[in-house]
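So that the names make sense, note that chain A is the first sequence line, chain B the second, and so on, each numbered from 1.
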2 protein chains.
Amino acid sequence: MGALSPRCTALIRQNAGMLELAILGFLYDTPLHGYELRKRISALTGHVRPVAESTLYPAIKRLEKAGLLVRATEPGAVAAPRHVLSLTDEGRIELRRRLTEPDERDITDENRWFTVLAFLRHLDDAPAQAAVLRRRLAFLEEPASFFYDGDRALRAEELDDPFRRGVLTIARATSRAELRWLRATLESLDG
Amino acid sequence: MGALSPRCTALIRQNAGMLELAILGFLYDTPLHGYELRKRISALTGHVRPVAESTLYPAIKRLEKAGLLVRATEPGAVAAPRHVLSLTDEGRIELRRRLTEPDERDITDENRWFTVLAFLRHLDDAPAQAAVLRRRLAFLEEPASFFYDGDRALRAEELDDPFRRGVLTIARATSRAELRWLRATLESLDG
DNA sequence: ACTCGATACATCGGTTCCGATGTATTGTCG
DNA sequence: CGACAATACATCGGAACCGATGTATCGAGT
């Protein structure tokens with residue numbers, strides 16, 4: 001686990017999209033070409049937010065430019081020649097960094113959070129994994145209110161709007177389910 | 001409910017962010033100045049995804065340019081002069097249009113969906129509201145898989161990765177809770 | 001022979017997003 | 001009296017996103 005090169009530290013920035021995290025996460029297991037990568041990312045998050053090719057290929061280029069992955073051109077087995085992508089050592093370090101210190105948005109936005117969870121096993125260090133789960137736990141434990149009367153948060157029962165009541169109902173049910181899972185998983189990580 | 005002006009139809013585009021929807025939604029009730037608008041949007045979605053001022057003000061400008069809202073400068077009651085924003089008739093039509101025909105992403109992405117729900121009462125037409133809920137119902141009813149072994153979707157029990165298992169567990173619990181609410185609400189809208 | 005769909009990659013241009021930064025005023029706390 | 005937070009708006013530049021479009025190959029159907 002050496003230090004990051006200047007090229008790499010230059011890449012450490014806020015708001016590094018969840019797309020990049022997914023690319024790094026999938027390539028951590030095994031080298032893949034772009035098309036296959038796209039299929040896997042689509043399976044993971046595509047039902048919520050489809051991955052445009054015109055978003056994926058520039059993202060791959062960014063990561064290549066940052067020295068996190070390399071391309072090897074292979075003659076096409078089926079069709080056009082493939083660019084097989086594999087992570088560099090720096091790419092592997094960077095993935096672990098992004099998993100260890102996720103951006104605040106990675107914690108609060110469910111889509112991003114699921115992407116973190118999908119690859120968290122790569123951290124391979126139970127205390128570090130537990131620390132990430134605890135950040136999510138802290139976020140879910142502070143009461144989130146959606147609607148206010150002035151400064152006072154409104155409870156579901158106080159809303160006559162059935163749709164806004166739905167937002168609160170669903171958010172609470174979701175939160176309860178995840179809290180249960182988080183506490184159980186933390187227990188088994190700590191124990 | 002007249003036809004939309006050319007300026008307005010030009011604005012009908014894909015991927016019209018949920019920020020614009022929130023602006024239109026809040027102003028539908030009452031005129032507000034930008035700063036107050038920001039506080040309300042922050043309460044609604046800020047815990048997941050904070051609203052940068054540098055995103056809000058350009059969005060207001062876009063909507064103004066499109067003829068959906070107008071600004072009136074008021075001498076500042078407390079501090080700097082305020083720009084009180086109010087929807088035009090076209091703005092009101094456009095909000096109802098966006099609520100009646102939400103973008104596919106507004107249905108699939110929970111953050112966007114919650115924004116739709118937060119303002120769906122403005123539609124003021126039970127069958128139209130029910131139609132929107134049914135789109136979400138259809139989306140949640142088709143089984144979503146996150147992880148695959150080749151083409152075969154993996155069930156929670158098949159994963160040894162506790163974090164990926166968590167993704168499936170949480171997604172299912174969330175889905176069940178929302179389906180319950182959707183079915184109950186549809187029944188009361190239809191009945 | 002022709003079309004079509006899947007594989008595989010790429011660019012262009014427009015929109016949106018957002019961190020950093022700047023301006024100005026008022027009220028509050030020490 | 002000075003620092004500081006809150007109110008209130010705005011711009012700039014860079015990054016990210018994405019629809020449209022283009023290129024090319026291969027196999028299956030018709």
Side-chain angles (χ1 to χ4, degrees), chain A residues 10-23 31-42 45-46 48-66 69 71-85 103-106 109 111-112 151, chain B residues 10-23 31-42 45-46 48-66 71-85 103-105 109 111-112 151:
Chain A
L11 181 128
I12 296 175
R13 63 195 186 285
Q14 321 286 44
N15 202 24
M18 72 174 180
L19 178 58
E20 292 184 6
L21 184 62
I23 296 172
L32 295 169
H33 56 275
Y35 200 78
E36 175 62 25
L37 194 51
R38 182 168 176 256
K39 283 200 292 186
R40 302 210 183 182
I41 296 172
S42 287
T45 56
V48 169
R49 190 188 176 77
V51 196
E53 295 197 344
S54 51
T55 308
L56 178 63
Y57 289 112
I60 290 171
K61 271 197 177 170
R62 282 201 300 278
L63 295 176
E64 190 192 17
K65 206 172 160 191
L69 58 81
R71 291 199 242 198
T73 306
E74 255 187 19
V78 184
R82 297 164 159 188
H83 289 184
V84 176
L85 313 169
D103 192 291
E104 185 59 19
R105 277 239 224 331
D106 292 332
D109 188 326
N111 301 150
R112 285 164 167 265
D151 274 342
Chain B
L11 181 129
I12 296 175
R13 61 197 187 287
Q14 321 286 44
N15 202 25
M18 72 174 180
L19 178 58
E20 292 184 6
L21 184 62
I23 294 171
L32 295 168
H33 56 275
Y35 199 78
E36 175 61 26
L37 194 51
R38 181 167 176 257
K39 281 201 294 186
R40 301 211 184 181
I41 297 173
S42 288
T45 56
V48 170
R49 189 187 175 76
V51 196
E53 295 197 342
S54 53
T55 308
L56 178 62
Y57 288 110
I60 290 170
K61 272 197 178 171
R62 283 201 300 277
L63 296 176
E64 189 192 17
K65 207 173 160 190
R71 289 199 240 198
T73 306
E74 254 186 23
V78 184
R82 296 164 160 185
H83 290 184
V84 176
L85 313 168
D103 193 291
E104 184 60 18
R105 278 239 224 333
D109 187 326
N111 301 152
R112 283 162 168 266
D151 274 340

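Minimum atom distance to the side chain of B:Y57 is reached by D:dA8, of the listed D:dC18, D:dA8, C:dC9. Side-chain proximity of B:A52 to the nucleotides C:dA10, C:dG19, C:dT16 is greatest for C:dG19. Out of D:dA16, C:dA8, C:dC17, the shortest distance to the side chain of B:R49 is found at C:dC17. When the nucleotides C:dC17, C:dA10, D:dC12 are ranked by their closest atom to the side chain of A:R71, C:dA10 comes out on top.
Expressed to the nearest 0.5 Å, how far CD1 of A:I23 lies from CE of A:M18 amounts to 11.5 Å. Going from atom NZ of B:K39 over to atom CG of B:L32 covers 10.5 Å, rounded to the nearest 0.5 Å. Rounding to the nearest 0.5 angstrom, the gap separating the CZ atom in B:R49 from the CZ atom in A:R112 is 7.0 Å. Summarising the geometry, atom CZ belonging to B:R38 is positioned 9.5 Å from atom OG1 belonging to B:T55; distances are rounded to the nearest 0.5 Å.
Rounded to whole angstrom, the span from the CG atom of A:L56 across to the P atom of D:dA20 amounts to 18 Å. What separates CG of A:D109 from P of D:dA16 is a distance of 16 Å, to the nearest Å. The CD-C1' distance, from B:E104 to D:dC18, rounds to 16 Å in whole Å. Remark: P of D:dC17 and CE of B:M18 are 15 Å apart, rounded to the nearest angstrom. One can place NZ of A:K65 at 16 Å from C1' of C:dA10, the figure rounded to the nearest angstrom. Separating the NZ atom of B:K61 from the P atom of C:dC18 is a distance of 18 Å, rounded to the nearest angstrom. One can place CZ of B:R105 at 11 Å from C1' of D:dG19, the figure rounded to the nearest angstrom. As rounded to whole Å, 14 Å separates atom C1' of D:dC9 from atom CD1 of B:I23.
Of the options A:I41, A:T45, A:L63, A:I60, a side-chain contact (heavy atoms from CB on, under 4.5 Å) to A:L19 is made by A:I41 and by none of the others.
Counting atom types as modelled, B:E53 pairs a side-chain N or O with a base atom of D:dC9 as donor and acceptor under 3.5 Å.
Between A:R62 and D:dA16 there is a side-chain polar atom (N or O) within less than 4.0 angstrom of OP1 or OP2. Distances shorter than 4.0 Å separate none of the side-chain N or O atoms of A:S54 from OP1 or OP2 on D:dG19.
Taking both residues in full, the closest heavy atoms of A:Y35 and A:Y57 are given as N-OH, 4.1 Å, listed atom of the first, atom of the second, then distance.
Taking A:P31 as the reference, A:V84, A:S86 meet the side chain to side chain contact (heavy atoms under 4.5 Å, CB included) condition, with sequence neighbours excluded.
For the segment residues 33-42 of chain B, no residue has any heavy atom less than 4.0 angstrom from an atom of DNA chain C.
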